[in-house]
Protein chains: 2
Amino acid sequence: MVNVGKRSGRPRAGEERLSREAILTAALRIVDDEGIDALTMRRLAATLQVNPMSLYHHLPNKAAVLAGLAELVFAGLELPDPGDAVPWDEQLKEAARAYRNGLRQHPNLALQVLSDTSAVSDVVVVTMEPFYLALDRAGLSPRQIFEAANTLIDFIHGFSLGEASVRAQTFELAPDLLTRVRALPADKAPTLTRIVDGLGVEGLAYDFDDGFESGLSTLTAGIAATARRR
Amino acid sequence: MVNVGKRSGRPRAGEERLSREAILTAALRIVDDEGIDALTMRRLAATLQVNPMSLYHHLPNKAAVLAGLAELVFAGLELPDPGDAVPWDEQLKEAARAYRNGLRQHPNLALQVLSDTSAVSDVVVVTMEPFYLALDRAGLSPRQIFEAANTLIDFIHGFSLGEASVRAQTFELAPDLLTRVRALPADKAPTLTRIVDGLGVEGLAYDFDDGFESGLSTLTAGIAATARRR
DNA sequence: ACCTGAACACCGTTCAAGT
DNA sequence: ACCTGAACACCGTTCAAGT
């Protein structure tokens, strides 16, 4: 056997050591494959072929594992910078799309990620640059930029939450909505009933991509109005 | 002792029986007082002075308890109808404010509520009427109403999630953001740094009420633009 | 420094038995 | 029909002991 030296090259099987990174990677795999409930310290240790207690030398507790996962997801976000070649609102939409796509990579983690304030504020800070850039070009005041960015992020979070929840289960959004609305007493929600019923299954056909684009258009239109009002 | 009859008036102590409603009420109290993690079947049974297994005669499992809680929260929503006395956008904002306030009543449950698709779709159906009403008055097409309502709800959900997460922990948003941004390498996020740094602690002072109103204004402005474009 | 085994104080839930 | 006790198969984490 070659490479018997202490530290050169890929560590031999017996030499592999536990590390925070290795633990988090294994944890992410479990969550992606089997959902957040499948992630237990004991299970995680088992997949790493290690005693459960060994984990505690690298991460203080399970909460830290979850926080670490949220961090991982945000670190995986790659927000492109289309630059000034494109109008500010398209630039803003691109940033939003990239952010949503990042969150979509790990749907089973969406809830954890979106509710982990420290993870959010930690990396949101960096991922927000493209948003600020585009909003600055739109001609907003600093305060308006701050508020518009928050609003946009909130929309993306809410949208992503819904998307992740629906994907976790599997049901058809449109027929379900239609059924529920039709089950309502006639006078309970007249406008809702008229609109939804009028749209029908095909009119309600809900595509998450379209829904997201629709939201982005509404928001950029609203932001444009704010800019004019400055 | 008066009132010894079988069913009239308040049931006597010995007569009280377990019921789905009683269980959920007790569960809600635990979650409100001590957080979602404090809710265990055994703990719940203890506060009801009952054997843990008794609960299973009224609810199939713990997931059903959580789903029931989400349902409770939505059922507690009261969306006022300001009627036509007010312009459509103010009517829409009122519906949004009421919805947010409903979600705020039980911050420890926000995550559960917002990610419980069946609870959401179940009662959202009813609570959406005021939104549809206002959007209809705005002159949108049925499809536009559907999409605008979804966008608005997504924003409220994302906003509420952030609000609940921040309240659960206790830290100051503005100084925290400022600290994080100042810790960034100078060229990492130039626009973000310039804007946030320029605003300073007082400029960043974040009030959730103001943030919500700002989002609502942006969204209604965007919706108004959509209506014009019809 | 890193890993382990045994143990503690919990979980949710099944099942057979009580009334 | 409703409730219970004992039991099963798990949890996260502490602690003292190993190397």
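Chain identifiers are assigned alphabetically (A, B, ...) following the order of the sequence lines, protein sequences preceding nucleic acid strands; residue numbering begins at 1 within each chain.
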Trainee: State which residues pass side-chain contact (heavy atoms from CB on, under 4.5 Å) with B/Ala205; sequence neighbours excluded, sorted by chain then number.
Mentor: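 If we apply the side-chain contact (heavy atoms from CB on, under 4.5 Å) test to B/Ala205, skipping adjacent residues, there are no hits.
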Trainee: With sequence neighbours left out, what residues match A/Glu94 under salt bridge (charged side-chain N to carboxylate O under 4.0 Å, His left out)?
Mentor: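 Counting only residues at least two positions away or on another chain, A/Glu94 forms a salt bridge (charged side-chain N to carboxylate O under 4.0 Å, His left out) with A/Arg97.
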Trainee: Whether B/Glu71 and B/Arg20 form a salt bridge (side-chain N of Lys/Arg under 4.0 Å from carboxylate O of Asp/Glu) is what I want to check.
Mentor: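 Salt bridge present between B/Arg20 and B/Glu71.
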Trainee: Determine whether more than 12 heavy atoms belonging to other residues, nucleotides or ligands lie under 6.0 Å from atom CG of A/Asp37.
Mentor: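 It does not: A/Asp37 CG has 12 such atoms or fewer within range.
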Trainee: Applying salt bridge (charged side-chain N to carboxylate O under 4.0 Å, His left out), can you list everything that pairs with B/Asp32, at least two apart in sequence or on another chain?
Mentor: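 Per chain and number, B/Asp32 pairs via salt bridge (charged side-chain N to carboxylate O under 4.0 Å, His left out) with no residue.
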Trainee: For D/dT4, does either OP1 or OP2 sit under 4.0 Å from a side-chain N or O belonging to B/Ser54?
Mentor: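 For B/Ser54, the contact criterion (side-chain N or O under 4.0 Å from OP1 or OP2 of D/dT4) is met.
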Trainee: For A/Arg43, enumerate each residue passing the salt bridge (charged side-chain N to carboxylate O under 4.0 Å, His left out) test, keeping only those at least two apart in sequence or located in another chain.
Mentor: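 Testing A/Arg43 for salt bridge (charged side-chain N to carboxylate O under 4.0 Å, His left out), a comparison that skips the adjacent residues, returns A/Glu34.
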Trainee: Produce a footprint string for nucleotides 9-15 of chain C: one letter per nucleotide, 5' end first; B if the base is under 4.0 Å from any protein heavy atom, S if only the sugar-phosphate is, - if neither.
Mentor: --BBBB-
Trainee: After noting the C-alpha distance and the side-chain angles of B/Glu213 and B/Lys93, does the key distance pass the salt bridge (charged side-chain N to carboxylate O under 4.0 Å, His left out) rule?
Mentor: CA-CA 8 Å; B/Glu213 289 301 320; B/Lys93 287 177 180 180; 5.3 Å; no
Trainee: Could you check whether B/Asp210 pairs with A/Arg143 (Lys NZ or Arg NE/NH1/NH2 to Asp/Glu carboxylate O, under 4.0 Å)?
Mentor: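 The answer is no: the pair does not qualify as a salt bridge.
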Trainee: Looking at D/dC3, does its base get a donor-acceptor pair with the side chain of B/His57 below 3.5 Å?
Mentor: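 Present.
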Trainee: What is the distance, to the nearest angstrom, from the NE2 atom on A/His58 to the C1' atom on C/dC2?
Mentor: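 Taking NE2 of A/His58 and C1' of C/dC2, I get 7 Å after rounding.
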Trainee: Mind listing the residues from residues 20-36 of chain B sitting with a heavy atom below 4.0 Å of DNA chain C? Number order is fine.
Mentor: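 Per residue number, the list is empty: none.
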Trainee: Please list, chain by chain and in numerical order, all residues satisfying side-chain contact (heavy atoms from CB on, under 4.5 Å) with B/Pro185, sequence neighbours excluded.
Mentor: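 Result, side-chain contact (heavy atoms from CB on, under 4.5 Å) vs B/Pro185: B/Asp187, B/Lys188.
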Trainee: Give me, pair by pair, the N or O atoms of the protein and of nucleotides 17-19 of chain D that are less than 3.5 Å apart, along with how far apart they are.
Mentor:
none

Trainee: For A/Tyr99, give me all partners under ring-ring contact (aromatic ring centres under 6.0 Å, His included), at least two apart in sequence or on another chain.
Mentor: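 Testing A/Tyr99 for ring-ring contact (aromatic ring centres under 6.0 Å, His included), a comparison that skips the adjacent residues, returns A/His157.
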Trainee: For DNA chain D, just give me the dot-bracket, please: Watson-Crick or G-U, both distances below 3.5 Å, ( ) intra-strand, [ ] crossing earlier pairs, | paired with another strand, . unpaired.
Mentor: ||.|||||...|||||.||
Trainee: Tell me every residue that passes side-chain contact (heavy atoms from CB on, under 4.5 Å) with B/Ala64, counting only those two or more places apart in sequence or in another chain.
Mentor: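 Counting only residues at least two positions away or on another chain, B/Ala64 forms a side-chain contact (heavy atoms from CB on, under 4.5 Å) with B/Leu59, B/Pro60, B/Asn61.
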Trainee: Got a sec: does the CZ of A/Arg104 have more than 12 other heavy atoms crowding it under 6.0 Å?
Mentor: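 Yes, enclosed.
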Trainee: Side chain to side chain donor-acceptor pair (under 3.5 Å) with A/Arg194: which residues, sequence neighbours excluded?
Mentor: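 A/Arg194: side chain to side chain donor-acceptor pair (under 3.5 Å) contacts with B/Asp136.
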Trainee: How many whole angstroms separate atom CG of B/Asn51 from atom P of D/dA7?
Mentor: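 Spelled out: CG on B/Asn51 to P on D/dA7 is 14 Å.
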